[in-house]
2 protein chains.
Amino acid sequence: VESELVDYLRRRIGSHRLLKLGPGDDAAVLRMANVEECVMTVDVLTDHVDFELAEIDPKRAGRKALAVNLSDLAAMASEPLAGVVGLVLPKSGGMQLAVDLYEGLLALAEEFDVAIAGGDTNSWDGPLAISVTLIGRVTQSGPLLRSGAVPGDRVLVTGSFGGSILGHHLDFQPRVNEALALAGRYRLHAGIDVSDGLSIDLGRLATESGCGAVLEAEAIPIRDDARRLAKELADGSSPLDHALGDGEDFELILAVAAEEAERMIAERPLEVELTNVGRFVARPGLWLADSSGGREPLSLRGYQHEFD
Amino acid sequence: VESELVDYLRRRIGSHRLLKLGPGDDAAVLRMANVEECVMTVDVLTDHVDFELAEIDPKRAGRKALAVNLSDLAAMASEPLAGVVGLVLPKSGGMQLAVDLYEGLLALAEEFDVAIAGGDTNSWDGPLAISVTLIGRVTQSGPLLRSGAVPGDRVLVTGSFGGSILGHHLDFQPRVNEALALAGRYRLHAGIDVSDGLSIDLGRLATESGCGAVLEAEAIPIRDDARRLAKELADGSSPLDHALGDGEDFELILAVAAEEAERMIAERPLEVELTNVGRFVARPGLWLADSSGGREPLSLRGYQHEFD
């Protein structure tokens, strides 16, 4: 029952310099004296939509629930501070499931030095829903927004894209340290993380910046998983289609002035690859350019939650 | 769909002094320069458990989702700052439901000057789940904890108890202003809000404080709804049983030294009634005393989420 889970959390969650009071009271108490501005974000993940609990180790689901939030903080180039977890558990098997979810989540929290401050645990006759809320510290570089790209800026991306459903969507590394390193060293105009799809998320960044973007088809880094998936599906979709539309890559898209982009690529400041995949243009819209110089409008492919 | 709801929120959520950046980016940005310590809490509410959407105006469900979190901040005697909302919507009718939930929630947010900073919206083939996370500012009095009661302290409560299922559990007023007023003027040793039941929540406070408590049966303020419910149910339960065990009263239980408690009751600092209902004792446990001087052990009645 609920109280046993609270006991587990109080034992399991160690001390953290930010945590004046951890789980077990009506709210946690956090030390915030050095935080001028904070970012705050929430994501809710559900069984059958964001993962299939019947097919995976629940630790990976718990890890993902925190990782997608860390990716949001990476997109803001902000430093993770603390988080809280809301669970809605199926009544049967809920206790073991909750512990497994927390074990996966807490391992990643330790890796990123995030204080898990507390949570709320509920049960019902239904599938699992898990909500994670994170707060983070805005660094001296300021928050990285979607709205700062200007025509002429290059489109830089970390990593590669496509086929995340084969496993990457659970085990990806949120680009927090990469975002902080880049924001500390270079002038970034805008940023977003790729949760719903490279094309749809680039489109969002461009729209918020009041401009458009052209992607170079041959420059887009394609994951091996995208090739595998295209082959397995054999439905006429290409690896590039998967790179543009699959989503859940949780890589960063950055808008950077042309010269700064050249410098960043030459200096290779990250372990992960940084690639120039196109440029921002004044005309609103999204285009895909091929090597022959042709250019076609690109539909915003990617995942959107549907409800009416 | 998801993007329409984001557009609605960006139009609907006005400016707030704390909000440097509201909904629409990967995270919201909050001004926190005057916050030394913050409290953080999350609650997840679900259809059929915390309300029945088929029977009520969904605005009341949205209001409740924020109100239970405000009640947690009241229990910490902290000042609400900002919150984020996570929704899992049924696919059919989800858009109108989301707008109604937000309308109810935002009206209460305005009343308590809480900045709703953003949210995440998902859909599935299942009932509604709504998660609200709040952060608040710890005031000069410090956070009010569950662990500060000492034997001899009086048990003070705001308001009255029982029968909240008849409507109060949706429309209660979180005791934020009352908690801040009392903490600013008197020395409070410990506090908790009554979410699961007067007896179980008093038991939690006593346990955290390493002591026990004796309640005076005749002193407990009983809501008219508790009397109505006892009569309607006609199952042998008394109005006092409902006051002790129903839960969702969202009143405050406070531990205060005997003299300070007398002063508080004499000075009537609140509009809502403040009642001395018993005292803390050294021996761990919970007892109910009657007017004849008898005393019997009190089982911790109240709501607990069950899962195994």
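Side-chain atoms are counted along with the backbone in the values below, which use heavy atoms only and exclude waters and symmetry mates. Order of the sequence lines fixes the chain letters, A, B, ..., with proteins taken first and strands second; residue numbering starts at 1 for each chain.
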Hey, can you pull the donor-acceptor pairs under 3.5 Å for the side chains in residues 66-84 of chain B, sequence neighbours left out?
unit_1: B/Asn69; atom_1: OD1; unit_2: B/Asp43; atom_2: N; d: 3.4
unit_1: B/Asn69; atom_1: ND2; unit_2: B/Ala65; atom_2: O; d: 2.9
unit_1: B/Asn69; atom_1: ND2; unit_2: B/Val132; atom_2: O; d: 3.2
unit_1: B/Ser71; atom_1: OG; unit_2: B/Asp193; atom_2: OD2; d: 2.7
unit_1: B/Asp72; atom_1: OD2; unit_2: B/Thr41; atom_2: OG1; d: 3.4
unit_1: B/Ser78; atom_1: OG; unit_2: B/Met76; atom_2: O; d: 3.2
unit_1: B/Glu79; atom_1: OE1; unit_2: B/Arg137; atom_2: NE; d: 3.2
unit_1: B/Glu79; atom_1: OE1; unit_2: B/Arg137; atom_2: NH2; d: 2.9

What part of [X] is in contact with chain A, defined as an atom under 4.5 angstrom from a non-hydrogen atom: side chain, backbone, both or neither?
| X | answer |
| --- | --- |
| B/Leu87 | backbone |
| B/Pro127 | both |
| B/Val138 | side chain |
| B/Val29 | both |
| B/Glu208 | side chain |

Spacing of [atom1] belonging to [X] relative to [atom2] belonging to [Y], to within rounding of 0.5 Å:
| X | Y | atom1 | atom2 | value |
| --- | --- | --- | --- | --- |
| A/Leu30 | B/Glu36 | CG | CD | 13.0 Å |
| B/Ser3 | A/Ile200 | OG | CD1 | 7.5 Å |
| A/Arg31 | B/Glu37 | CZ | CD | 7.0 Å |
| A/Met40 | B/Leu19 | CE | CG | 11.0 Å |

What do the steps show when you test A/Asn122 against B/Val49 for side chain to side chain contact (heavy atoms under 4.5 Å, CB included), and what is the final call? CA-CA 9 Å; A/Asn122 308 273; B/Val49 177; over 6 Å; no
Contact part of A/Val39 toward chain B, heavy-atom cut-off under 4.5 Å: side chain, backbone, both or neither?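 Both parts, backbone and side chain.
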Is it the side chain or the backbone of A/Leu89 that comes within 4.5 Å of chain B heavy atoms, both, or neither?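 Answer is side chain: those atoms of A/Leu89 sit under 4.5 Å from chain B.
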Taking [options] one by one, which has the highest count of heavy-atom pairs under 4.5 Å against chain B?
| options | result |
| --- | --- |
| A/Gly93, A/Ala98, A/Pro143 | A/Gly93 |
| A/Ile192, A/Ile135, A/Leu144, A/Thr133 | A/Thr133 |
| A/Leu97, A/Val42, A/Leu21 | A/Val42 |
| A/Gly86, A/Ser131, A/Ala129, A/Gly94 | A/Gly94 |

Would the number of heavy atoms belonging to other residues, nucleotides or ligands and lying under 6.0 Å from CD of B/Gln140 be above 12? no
Those residues at least two apart in sequence (or on a different chain) that pass side chain to side chain contact (heavy atoms under 4.5 Å, CB included) with B/Asp113 are B/His16, B/Arg17
If you take all heavy atoms of A/Leu128 and B/Trp124, which pair is closest and at what distance?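 In terms of heavy atoms, the two residues are closest at O-CZ3, 3.8 Å.
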Sole candidate of A/Arg175, A/Arg146, A/Arg204 that passes salt bridge (charged side-chain N to carboxylate O under 4.0 Å, His left out) when paired with B/Asp26: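 Answer after filtering A/Arg175, A/Arg146, A/Arg204: A/Arg146.
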